Structures are given as C-alpha cells and as structure tokens.
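Since the structure comes first, as structure tokens, the remarks are kept for the end.
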Amino acid sequence: MNTDQPYLRDLLLIGGGHAHVQVIRRFGMNPEPGVRVTLVSRESATPYTGMLPGFVAGEYERSEIVIDLLKLARFADCRFIDANVERVDVSDQRAHLDGGRTPIRFDVLSINTGGDCTIDVPGGEFVEPVKPIGRFLQNWSRTATRLTSIPQPRIAIIGGGPGSVELALALRHRLGDECEISLVTRSHELIPEHGRIARRHIRTALRDLRVDVKCGFDVVAVERKRDRDLFVLRNQVGIAISCHLAFSATGVGAPEWLRDSGFNVDTHGFLKVNRFLQTETAPNVFGAGDVVSLNDQPRPKSGVYSVREGPYLAENLRRYLTGRSLKKFRAQRRALALIRTAPGHATASRGLLQASGGWLWRYKDWIDRRFMRRFQELPAMADPKPTYRGKLQADAPDLSMRCGGCGAKLGADLLQRVLHRLDIHSPESVFMGVGEDAAVVNMGSATMAISCDGFRAMVDDPWRFGRIAAHHALNDLYAMNSEPSVAIALVTVPFMSDRLMEEDLFHLMSGALAIFNESGVSLVGGHTAEGAELSVGFTVVGSTSFNLMTKGNLLPTQSLVLTKPIGVGAILAGGMDGRCDAHAVEKAIRVMDQSNATAMQIFADYDVTACTDVTGFGLGGHLGEMLRASERSATLDLNAIPILTEAIDALLDGIESSLQKNNEQIIKDCIYDCSSLDPRLRMLADPQTSGGLLAGVDADYVNACVSDLRRAGYTNAHVVGTVDAHVERIGQITIRS
C-alpha cells in the first residue's frame with residue numbers, strides 16, 4: 001500500500017449488483033485517498049441481467065454475460081470477501097457474516113444485493129428461483145443437463161413479467177420443439193405494466209412458439225409426485241399442472257436480514273432510501289437496485305434502475321466520505337424495456353413507444369455489450385517497475401508483481417548458499433534440525449517438535465488469511481506425526497488509522513485462532529509491528545510420537561501418496577493481477593483451507609515413517625529433499641498427479657508464481673519422456689501454500705490408505721509414484737507421462 005496516504009475509512013459494499021460494480025470501477029479509475037473499499041458478495045461472479053435470456057437460449061457464452069468480481073476488485077484495489085451477510089448492526093457499524101467468522105466493521109455501508117423470487121408456498125423449495133441470478137447461473141449447467149436428458153420434458157414458469165416471458169421463449173429456443181412449456185401467472189394479463197401493442201407482440205411470439213399461457217393461475221402449493229421426476233403445481237381452486245421442472249420468475253422479494261437488522265423498510269421489506277440513495281435508518285448507510293424502495297419515487301424492480309443508480313451511488317459515497325453535499329438521484333418515470341422474443345428479434349416498450357423488430361435486438365445487443373465491456377476490458381494496471389539505467393539494468397531483479405503465500409519464499413539455491421555459509425552447531429539435545437520439517441529437541445522431561453513459518457497475505461480477506469497461515473504452520477508438525485500444542489504469532493499490519501489496524505489484526509488472529517482451537521493448540525503470545533503489508537508467522541511447538549515421520553525414511557518399492565492437488569501457486573499469481581478468475585481462486589482457497597491433521601492420523605495408522613508437506617519448493621523440490629535424505633531415487637507418474645485444472649490453464653497463458661523459475665531447476669535434473677514445456681511437468685515446480693502431505697506408503701496397504709484418505713475428505717488423494725527398488729543416482733526423479 002502507499003504509506004504516504006494510509007487508509008483512514010472503511011467503505012463496505014454488500015452485494016455485487018449492477019450499481020456496485022460501477023462504484024468499484026469508478027473508485028478504481030479515481031481512487032479516493034484514505035478510503036479502503038471492501039466488497040462482500042455471496043457470488044464471485046455476477047451475471048448481467050439483460051443478457052441472461054440470450055445465454056439460456058445459447059446465443060451468449062457464460063464468459064460474455066458475467067462480471068468477474070475478483071478481477072474487478074483487483075483492478076480497483078478493493079478487498080473481496082466471499083461470504084453471505086446474516087445481519088448488520090448499524091449502531092456498532094458491523095456486518096455479521098456466515099461461516100462462523102468475525103463481523104466486519106465499516107464507516108460507510110452500501111447495500112446492492114438484489115432480491116430473490118423464491119415462492120413462499122408449501123413445497124416452494126421444489127421450484128428453482130431465477131433470482132438471485134448468480135445462483136441460477138451456478139446451477140444452470142446441471143439444470144440444462146437434466147432437461148436435455150429427459151424425453152419430452154415439461155417445464156412450468158411461474159410469473160407474468162418480462163423476465164418470465166424471456167425465459168420461456170429462451171428455453172424454447174434452447175430445447176427445441178420436444179418440450180412442453182407452460183407460463184402461469186396470478187395476473188389476468190401478461191406484462192400488464194406495458195402497452196397494448198407490446199403485449200400483442202409478446203402474445204404472438206408465445207403462441208407461435210407454442211408456450212401455453214395460463215393467466216389467473218395463483219400457485220398455492222407444489223407437490224412432488226410418487227414418480228420423483230414429476231412435480232405438481234396447484235392453484236387456489238385445485239387445478240393442477242404437472243412438470244419435470246418449475247422455475248420462479250415472479251417479482252423479487254427482499255432479504256430477511258434487512259428487517260432483522262432493524263433497517264427502516266417498506267411494507268414488502270425493501271430498504272427505504274431517499275433521493276440521495278441514503279437510508280432512513282442511518283446517514284452512513286446507502287442502497288441501490290432491487291433491494292431498495294425509492295421514497296417518493298416508486299418504480300418496478302428492474303436492472304435498468306440499478307444501472308442508472310450506479311454513478312449517483314458512487315458519487316454520493318465519495319461525497320459522504322469526504323464531507324461534501326450529496327447529489328440527488330431522479331429515477332426515470334418510464335424506463336425503456338427491450339424484451340428478447342426470438343434470436344435476433346426484440347420488442348420495445350416505453351410509454352407510447354412500442355415496436356418490434358430485428359433492429360431492436362441489434363440495439364439491445366449493442367447496449368448490453370457496451371455495458372459489459374466497461375468491466376471486462378479494464379484499463380491496464382500501473383506498472384510498478386522502476387527503470388534502471390546503464391550497467392545497473394544487468395543486475396536488476398525481476399520486479400514484476402511478487403507472490404504472497406509460500407510463493408514469496410526465498411529460492412532453494414539462495415537458501416542453501418546461506419546455510420552453507422553459516423556456522424551452525426547443534427547440541428546433543430537437538431535430535432533433528434536444519435533440513436527437516438520441524439526441529440526435534442530433547443527438553444529434559446519431554447521431546448518436543450518445533451517449527452516456524454509465515455508469509456505475506458495472498459488473499460484479501462484477513463480472516464481467511466489467518467486460517468490458511470495457521471494450517472500452513474501446523475503442517476510442519478503434522479508431516480512429522482507430531483501433535484501441536486502451543487503457538488506464538490508474529491504479525492505485521494500495514495500502517496493505517498488505529499481503527500483499521502485494529503480490525504485487520506483482529507480478523508487475522510480470529511481466523512488463525514479458529515484453526516488452533518480446532519487443532520487443540522493454545523495461542524500463548526506473540527509480537528506485532530507496522531509494515532508495508534499484512535503478514536503473519538507462527539512458531540508452533542508440539543510433542544513427538546514414537547512413530548516419528550521424517551524425510552529420510554523412504555524405503556524401496558514404497559508408493560508415494562499425495563493428499564492434496566497442486567497448482568495453488570500459479571492460481572494465486574494470476575489472482576493477484578486479475579488474470580485468473582474468481583472461480584479458480586476460490587478453488588485454490590478451498591485447497592489451502594483444509595487441515596492435514598486427519599491425513600497425519602491415517603498415515604500413522606498405516607505405519608508411515610517418511611513424510612513431508614509440499615510447500616514453497618513444489619512437489620518436485622520437496623520430493624528431491626526426501627530422496628536425498630533417504631539416499632533413494634523415485635519414479636513419478638505424471639498422469640496420476642492431482643493438478644488443479646485452472647492452474648494448467650494459467651501456465652499455458654503465461655501465468656506463473658514468482659518462485660516458479662527458481663524451482664524449475666529441480667526439473668533440469670529429472671529424467672522425463674515428455675516435452676519440457678508440458679505444463680504438467682512444470683507444475684512440479686509450482687510453489688504450494690498449505691499444501692498436501694507427501695508420504696511413502698507400503699505398497700501392500702496403499703490402496704486402503706488412499707481410500708481412507710478420500711473418505712476423510714481428501715478427495716484428490718492419489719498414488720503419484722514409487723520409490724525405486726535400485727538406487728542408480730541418489731535424488732534422481734524419473735517422470736513417466
């Protein structure tokens with residue numbers, strides 16, 4: 001961060017709606033000194049409402065209709081936290097999140113979550129709501145697969161507005177003539193808020209594509225038939241419609257947590273805001289989009305208004321933070337509705353303007369794509385590299401964006417040179433020291449395992465960072481079959497206002513403490529300091545077992561078992577500069593935020609004596625350490641190594657950790673039958689953070705061991721190779737593809 005302009009205030013955005021993406025982009029284009037922006041969202045990618053029907057119909061790819069919130073946040077130097085909000089305490093200025101995590105503080109809050117269209121009737125859980133659209137999009141692949149697998153599927157869509165009409169027509173174009181589609185609405189007219197001509201165009205389109213429309217049908221119950229593939233929608237007089245799948249595209253409902261938080265809401269539970277998009281509850285809380293009710297400006301719930309509110313919301317948040325007068329938002333009385341009716345065809349409605357034709361589709365497509373380009377084609381991030389002149393350039397280090405996590409470790413060759421220069425003497429009380437995952441020391445009355453590990457933040461969320469750092473530090477003891485008992489912390493917090501520094505420290509340590517408590521580890525002390533960026537290290541101490549696992553106990557013909565997939569380093573590198581999408585980063589975080597404690601216990605049950613944790617030097621580097629210590633060689637099966645697919649894609653796109661090149665020196669000494677450019681081979685050098693355990697397991701028991709690991713939640717556990725029976729060259733790794 002820029003220490004010349006430390007952060008002074010926290011602006012918290014809840015929800016990644018159409019207004020908030022504009023707020024983030026505008027703060028990215030023109031940062032406000034002293035303001036730290038944080039986005040909390042239940043989805044890491046937000047689809048654009050106007051393009052969803054075209055996507056369902058197969059006219060757009062998913063990538064064309066989605067705004068990657070993580071990439072946008074990276075561009076704007078905005079923190080991204082993947083979580084659901086459970087409630088907001090306005091007086092305490094904190095948002096309470098799910099997942100057992102600590103509440104997050106704010107100085108100014110803005111809410112743009114949208115609503116949902118779940119129907120509140122008996123059996124309503126069997127109906128798939130179209131909103132939140134992000135959740136609908138996540139489920140769409142599975143939904144589409146199911147629909148295409150059913151001969152002559154029957155589909156019911158509940159709702160009578162433009163969204164339900166567009167969905168019905170899009171499904172017809174996607175699934176063809178074999179399916180039956182019913183559109184049911186409690187209203188006695190489709191899209192009643194639009195003009196007569198527009199309604200006639202819509203009715204014609206529905207009739208031509210054989211969509212059965214049932215008006216005046218108020219769904220009061222949904223039942224599942226004995227045949228579990230069929231559902232029944234019943235109305236107020238008992239008439240039934242059977243279907244294989246039902247969608248709800250009704251008017252949106254407000255999130256319950258708004259009312260539970262004590263906000264001033266309207267009769268339907270929506271957040272009441274004034275002409276400045278400011279809530280009645282508190283002047284430092286703002287809102288926009290479907291989740292709000294505009295005082296004195298009642299408008300239908302439509303993405304059009306959320307898009308128009310975005311610039312006003314961004315400006316008023318900035319003005320409020322800097323103590324200036326706010327700007328009034330005046331909502332259009334009539335918004336232009338462009339309704340997709342067929343491929344290359346749309347109907348328009350705005351007051352007296354009512355028309356239909358191909359030119360309207362082209363106009364709609366142009367508007368939609370123009371909006372999306374603003375978030376998918378972001379300006380290049382500033383290059384922080386200084387320019388060295390003359391002979392200085394030859395010695396300049398690589399100053400491209402440096403990785404966090406274990407990708408920030410010093411290279412193995414540099415570390416070895418320093419260790420060789422140091423005059424290290426170990427007393428007799430040190431059974432194991434430099435070279436092992438943890439030191440084993442005789443303390444007189446007990447033998448203890450001791451290790452330390454730490455790095456700078458690789459994720460925006462300090463709570464999640466604390467959890468990952470705790471897992472990572474404990475892994476050194478787990479790799480030696482030692483039981484951790486106490487931990488000491490060393491934390492560096494970037495210089496900001498006291499309140500912000502306190503919050504970051506609290507969140508980081510809360511995340512770490514959650515892991516230590518689960519592991520039976522007591523946090524007994526530590527030290528804090530100011531620095532350029534958030535970082536943490538932990539010293540962990542534990543008791544050793546009789547069956548001590550070390551790097552040097554690999555035996556001939558043992559199978560090599562890895563508990564977690566590799567590829568975290570490349571994904572984190574791509575996430576830092578926005579080139580890896582949020583889905584990939586989320587997958588890497590899930591890998592890192594998994595304890596190896598149970599894996600250690602399973603390995604102990606199978607009498608494993610050789611183990612290490614795979615971290616900064618990559619799978620190849622840490623296997624090489626084991627082989628040299630054991631005076632053995634090994635063969636790896638490149639096809640059996642679990643690798644995150646997104647990491648392979650990252651390497652192919654030229655994305656790699658800043659430690660990758662140094663780590664690849666181990667590959668030069670390997671024997672392999674594939675191309676040196678094979679990304680799977682290069683993945684052996686990818687630095688891991690909180691990676692898996694690599695162990696030598698007796699070949700007679702290895703299948704049972706891997707099965708136990710998978711049942712315990714290590715779903716990617718694999719046999720990745722074998723220890724060679726004959727030693728031709730100590731430390732040699734042969735790779736078969």
Side-chain angles (χ1 to χ4, degrees), residues 11-30 37-56 59-84 110-116 130-141 163 252 287-291 302-314 317 364-381 460 574-587 646:
L11 168 59
L12 178 62
L13 310 177
I14 296 178
H18 297 351
H20 273 176
V21 295
Q22 296 178 80
V23 172
I24 296 170
R25 187 180 186 277
R26 284 170 179 260
F27 271 80
M29 296 291 288
N30 183 23
V37 184
T38 302
L39 171 66
V40 174
S41 175
R42 60 192 169 196
E43 286 104 19
S44 57
T46 184
Y48 179 48
T49 310
M51 300 176 79
L52 184 67
F55 166 76
V56 171
E59 296 169 351
Y60 296 121
E61 297 295 329
R62 184 183 186 279
S63 60
E64 293 180 282
I65 74 163
V66 163
I67 299 171
D68 189 305
L69 294 177
L70 181 62
K71 287 184 178 181
L72 181 62
R74 285 286 185 270
F75 160 76
D77 196 22
C78 164
R79 299 192 304 172
F80 176 79
I81 295 178
D82 180 8
N84 277 302
S110 181
I111 302 171
N112 181 215
T113 60
D116 65 56
V130 176
K131 289 186 177 182
I133 296 177
R135 195 175 303 159
F136 174 83
L137 193 64
Q138 288 176 354
N139 298 332
W140 172 248
S141 177
V252 297
D290 285 353
V291 78
S302 170
V304 172
Y305 294 105
S306 186
V307 169
R308 284 183 53 81
E309 288 162 355
Y312 290 87
L313 180 63
L317 290 171
K364 172 178 166 54
D365 182 63
W366 176 78
I367 291 174
D368 293 342
R369 290 183 183 275
R370 182 185 62 172
F371 179 79
M372 292 300 291
R373 277 197 299 271
R374 297 168 60 196
F375 307 99
Q376 294 180 334
E377 300 176 7
L378 296 166
M381 300 173 70
D460 291 337
M576 286 180 64
D577 62 8
R579 288 185 290 167
C580 278
D581 64 22
H583 173 73
V585 175
E586 286 175 354
K587 187 179 289 189
E646 294 81 1

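Keep in mind the model is a prediction, meaning the values are calculated, not measured.
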TODO: Answer yes or no: is there a side-chain heavy-atom contact under 4.5 Å between Phe75 and Ile24?
DONE: no
TODO: Determine, step by step, whether Met51 and Met372 satisfy the side chain to side chain contact (heavy atoms under 4.5 Å, CB included) criterion, reporting the C-alpha distance in whole Å, the side-chain angles of both residues, the deciding distance to 0.1 Å, and the verdict.
DONE: CA-CA 10 Å; Met51 300 176 79; Met372 292 300 291; 3.6 Å; yes
- [ ] Would you sort out whether His20 and Ser110 count as a side chain to side chain donor-acceptor pair (under 3.5 Å), showing the intermediate values?
- [x] CA-CA 8 Å; His20 273 176; Ser110 181; 2.8 Å; yes
Task: Step-by-step side chain to side chain contact (heavy atoms under 4.5 Å, CB included) determination, Lys71 to Phe80 - done: CA-CA 10 Å; Lys71 287 184 178 181; Phe80 176 79; over 6 Å; no
TODO: Verify, without hydrogens or angle tests, whether Arg42 (side chain) and Gly15 (backbone) share a donor-acceptor contact under 3.5 angstrom.
DONE: no
TODO: Please step through side chain to side chain contact (heavy atoms under 4.5 Å, CB included) for the pair Thr38 and Leu13, ending with a clear verdict.
DONE: CA-CA 6 Å; Thr38 302; Leu13 310 177; over 6 Å; no
Task: Exam field: side chain His18 to backbone Val307, donor-acceptor pair closer than 3.5 Å - done: no
Task: N/O donor-acceptor pair under 3.5 Å between Gln376 side chain and Arg373 backbone - done: no
Task: For Gln22 against Gly310, the heavy-atom pair lying closest together - done: NE2-CA, 3.6 Å
- [ ] Find the distance between CG (Leu11) and CZ (Arg79) and round it off to the nearest 0.5 Å.
- [x] 11.0 Å
TODO: Could you tell me whether Arg369 sits above the aromatic face of Trp366, with NZ or CZ closer than 6.0 angstrom to the six-membered ring centre and within 45 degrees of the axis?
DONE: no
Open item on the list: How long is the straight-line distance from CD of Glu43 back to OG1 of Thr113, given to the nearest 0.5 Å?
Closed with: 10.0 Å
Open item on the list: Closer than 3.5 angstrom, by distance alone: can the side chain of Glu309 be matched with the main-chain N or O of Gly289 as a donor-acceptor pair?
Closed with: yes
Open item on the list: Strictly distance-based, threshold 3.5 Å: is any side-chain N or O of Asp68 a donor or acceptor partner for the main-chain N or O of Ala582?
Closed with: yes
TODO: Determine the minimum heavy-atom distance between Gly50 and Pro53, stating which atoms define it.
DONE: O-CD, 3.9 Å
Open item on the list: For the CG atom of Leu69 and the CG atom of Asp581, what is their distance to the nearest 0.5 Å?
Closed with: 11.5 Å
Open item on the list: Closer than 4.0 angstrom, basic N to acidic O: yes or no for Asp460 and Arg74?
Closed with: yes
Open item on the list: Looking at Asp290 and Lys131, is there a salt bridge between them, counting it only when a charged N and a carboxylate O are closer than 4.0 Å?
Closed with: yes
- [ ] Start with the C-alpha gap between Asn112 and Ile14, add the side-chain angles, then the distance that decides, and say whether side chain to side chain contact (heavy atoms under 4.5 Å, CB included) holds.
- [x] CA-CA 6 Å; Asn112 181 215; Ile14 296 178; over 6 Å; no
